[in-house]
Enquirer: 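This is the structure, below, for whatever I ask next.
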Amino acid sequence: MYEFLTNLIGNEVLAWIIIAALPLFVVILPYALVAIWLERKVSAHMQDRLGPMITGWHGWLQSFADVLKLLQKEDLVPAEADKKLFNIAPALVFTASYAAFAVIPFSSGFIGSGAEIGIFFILAVSSFAVAGILMGGWASNNKYSLIGAMRAVAQIISYEIPTALVVLSMVMITGTLSLEKISAMQTGYFWNWFIFGGPEWGLTKFLLIPFMLVGFLILYMSTLAEVNRTPFDIPEAESELVGGYHTEYSGMKFAMFFLAEYANMFAVSAIVSIIFFGGYQSPVGYLGDLFGVSWLIPFEQLFWFVAKGLFFVFVQMWLRWTLPRLRVDQLMNLCWKYLIPYSIANLIIIGLISLI
Amino acid sequence: MNLYDLIFYLFAAVTLLSAAVVVSSKNIIYSAFSLVLTFFGVAGLYILLGADFIGVVQILVYVGGIMILLLFGVMLTNKITSVDIRTGTVNVLPSAIAIGVFMGLVTSIMIWTKWVSLPTETPLTTTNELGKLLITEYVLIFELLAILLLVALIGAASIARRDKE
Amino acid sequence: MSGLKQYFKDSWEGIWTVLVGMKITFKHLFVPNVTIQYPSVRVPMPERVRNRLYVNMDDCIGCDQCSRACPVSCISIDTVKSLPSEDLGVTSNGKKKALWVTKFDIDFAKCCYCQLCVFPCPTECIYMTDVYEFSEYERGKLLYNFSTLTPEQAAEKKANLEKFNAEKEALKAAAAAEAAAKPKIEKPQDKTE
Ligand code: SF4
Ligand code: SF4
């Protein structure tokens, strides 16, 4: 991809810039529009409603209409807010969630940065989002924003631990941090995915399956908490905190927070699907292999990757419209008393099994 | 000037400018947030040097952990209780002398060291090597650090417990 | 040991109950919607809904009873007596109309749709309709004029009455002057008017 662009444009700096901007325009923005529409439709149908129906077929243009509306809105900055930080915060939050896409392999033909450090990088840049949230909450000079920001930070930092532990156990099996290599390992059919014990046949594969399941559940729950989605949405709990850390934001700045939330949803879904569900690998083989057209394969992989990612995003929405919000103490209880002990035990057991 | 030079200067500028803001800003919140940027710049420099693991750890530990703790502390003391904490400049002369001496020392070391320049090649990942070194050669230090952290954790828990009574 | 058992039981229960909940919401994904698409589909209104009022001015005799019954005084009525020469017709239930209703305004911004104005009406000409979509951008537009007379006609009626009254006064004055000159004669004559 990079070589191709360098040859095409003849300038490596420009090629890098294009590569860097590509996920934003090809993936995140269209995805966010679709996801926002999907969220409304899923929530509506789960509550026996219809949701938006006017703009376009079943209201699919509603998100575009909303974007236009947000663009027109007045850009308010509260008089008592800290203006500089108030303006920087949304950009910082969005940058953090956007940076995570740098190392996500969308297909074997479009990997972004195949950095060795991969998954670890994602864990690290998510801490910039924490700084951004704290910045926005504090700069708004509003008690709801500040409480929301504090909660968000406490939550994200706590839930980073089980995430990291599960990722660690997966790193022990795969022996690499690179998301690209992890996806490449699970090639072939779906029984090579790590949720089914990984590509190597033998006793270990079958021993691993239950612990992989536990690992998947823990990872899914803790990443759900890291992106502040219901049932872990106490930082933006509408019924108690107005809107949490983005209470004071309006117009495009609010849109950036919103975009960051949806981008994050996809990012964590992508991580879950890469680690446990084969990433861009097809579960049933490729049409390209069947007909002998090899250029088709990367596109099929992109399709599978997006499909898996969207499926997990859908499950996130499904959970959101199923479960009530946790209380702060229940949230911390779940993390420290359940997820962390389980993930440590899981880590040790997986380590022992991989020694066999 | 190739791409790497460009990125190097970018990160260097980020680091230096934000560090300047850290020491010169009158508002302690600004200082704290620019420290985040400083760590980010340093992490970028590490990665450019081929130390990708260190770079990411720098972000994870400093930005994700220590800075957040610091910001929490500052924010909880700054606006909420509306006590305006502002940094002032004291002891200009002694610190100027100390910094001058230190700068001189560093510069002289930089000049007099015989630098060996390696042929540039795409740096390999350091993660595997680091891991191996940590549990073979430096295992004692590693374990000691682990015990230190454990002690700190237990201490924190016990302090939190006592407060509750 | 039982603590540990409870711990695992709790964990399992947590996951299981979430799955049960998810099953329920998933089923609802395929339940047909119970809502309607409002502006294009409407719920039929029940028979005796109380929404916007309507006044059938053909039947209104201008008796002012509705206005007096209204708890928020949102009906304002002005009437002018008709001249003996004018015939205003009768209402549909046979009452003879004797007043020009020069003003019949209902302010729906104030109206609380209590229907109290409907019951006293002797001719049943003020009643509730099922129109409920009459929001406006300006509050002034909620002031509805029901009077069938244009302002000019109203002014004309008023002028007519004044003229008639003035003439009558003049006649009266003349009669009084006559009576002063020749007292105790023709008293019942006045009453006929
Ligand atoms: S419905 Fe009630 S408030 Fe409205 S005009 Fe009649 S009496 Fe007045
Ligand atoms: S009570 Fe009926 S007849 Fe009398 S003024 Fe009101 S609407 Fe007219």
Side-chain angles (χ1 to χ4, degrees), chain A residues 38-55 57-59 162 210 213-222 224-225 229-232 311-312 314-326 330-331 333-346, chain C residues 1-52 108-109 113 129-142 144:
Chain A
L38 197 66
E39 170 108 53
R40 307 175 89 165
K41 289 309 249 188
V42 167
S43 71
H45 284 283
M46 280 182 178
Q47 296 166 350
D48 302 351
R49 296 183 284 118
L50 281 176
M53 290 293 281
I54 305 291
T55 37
W57 179 81
H58 279 248
L213 209 60
V214 172
F216 160 66
L217 282 177
I218 294 169
L219 188 68
Y220 198 74
M221 274 191 252
S222 53
L224 197 62
R229 292 282 300 181
T230 322
F232 309 108
F311 173 74
F312 286 109
F314 168 73
V315 176
Q316 287 181 346
M317 293 173 182
W318 185 0
L319 277 169
R320 171 166 180 183
W321 300 103
T322 303
L323 298 177
R325 182 182 305 131
L326 264 66
Q330 291 167 335
L331 187 91
N333 209 14
L334 178 66
C335 180
W336 292 95
K337 290 197 185 154
Y338 289 89
L339 293 188
I340 291 181
Y342 274 118
S343 52
I344 289 180
N346 210 36
Chain C
M1 200 58 217
S2 72
L4 200 61
K5 217 168 134 194
Q6 188 64 34
Y7 178 82
F8 285 121
K9 220 178 127 210
D10 286 350
S11 321
W12 174 246
E13 215 169 67
I15 294 169
W16 181 246
T17 46
V18 167
L19 289 180
V20 169
M22 285 173 78
K23 196 177 130 206
I24 291 172
T25 38
F26 193 73
K27 271 190 200 147
H28 273 271
L29 211 51
F30 302 103
V31 171
N33 54 314
V34 296
T35 56
I36 54 156
Q37 293 294 299
Y38 160 60
S40 35
V41 187
R42 280 152 217 259
V43 185
M45 284 284 131
E47 205 179 327
R48 289 167 58 188
V49 282
R50 303 204 310 239
N51 285 306
R52 191 171 70 187
F108 287 108
Y113 308 99
T129 60
D130 59 1
V131 182
Y132 53 90
E133 298 155 305
F134 50 97
S135 49
E136 297 282 355
Y137 284 104
E138 284 158 44
R139 202 174 294 172
K141 288 196 180 149
L142 284 172
Y144 281 60

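Below, chains carry the letters A, B, ... as their sequence lines are ordered, and counting in each starts from 1.
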Enquirer: So Val18(C) and Thr322(A), do their side chains get closer than 4.5 Å, heavy atoms only?
Expert: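 With C-beta onward as the side chain, the pair stays apart.
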
Enquirer: With sequence neighbours left out, write down each residue that passes side chain to side chain contact (heavy atoms under 4.5 Å, CB included) with Val49(C), or none if nothing qualifies.
Expert: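 Side chain to side chain contact (heavy atoms under 4.5 Å, CB included) list for Val49(C), sorted by chain: Met45(C), Pro46(C), Asn51(C), Asp130(C).
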
Enquirer: Taking all non-hydrogen atoms of both residues, which atom of Met46(A) and which atom of His28(C) are closest, and how far apart?
Expert: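 Heavy atoms of Met46(A) and His28(C) come nearest at O-CB, 3.4 Å.
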
Enquirer: Sort Leu334(A) into side chain, backbone, both or neither according to what part of it lies under 4.5 angstrom from a heavy atom of chain C.
Expert: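 For Leu334(A), no heavy atom lies under 4.5 Å from chain C.
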
Enquirer: Is it the case that the side chain of Trp318(A) and the backbone of Thr25(C) share a donor-acceptor pair, with hydrogens and angles ignored and the cut-off at 3.5 Å?
Expert: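 Such a contact is absent between Trp318(A) side chain and Thr25(C) backbone.
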
Enquirer: Can any side-chain N or O of Tyr338(A) pair as donor or acceptor with the backbone N or O of Tyr7(C) at less than 3.5 Å?
Expert: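 Here the side-chain-to-backbone pair does not exist.
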
Enquirer: For Arg49(A), I'd like to know if atom CZ has over 12 heavy atoms of other residues, nucleotides or ligands within 6.0 Å.
Expert: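 Result for CZ/Arg49(A): enclosed.
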
Enquirer: Can you name the residues of residues 35-43 of chain C that have some heavy atom under 4.5 Å away from a heavy atom in chain A?
Expert: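 Near chain A, by residue number: Thr35(C), Gln37(C).
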
Enquirer: Any side-chain heavy atom of His45(A) sitting closer than 4.5 Å to one from Asn33(C)?
Expert: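 Counting from C-beta outward, His45(A) and Asn33(C) never come under 4.5 Å.
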
Enquirer: Is Leu50(A) close to chain C through its backbone or its side chain, or both, or neither, when contacts mean heavy atoms under 4.5 Å?
Expert: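 Looking at Leu50(A), backbone and side chain both touch chain C.
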
Enquirer: Given heavy-atom pairs under 4.5 angstrom as the criterion, report whether the side chain, backbone, both or neither of Lys337(A) touches chain C.
Expert: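 Looking at Lys337(A), just its backbone touches chain C.
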
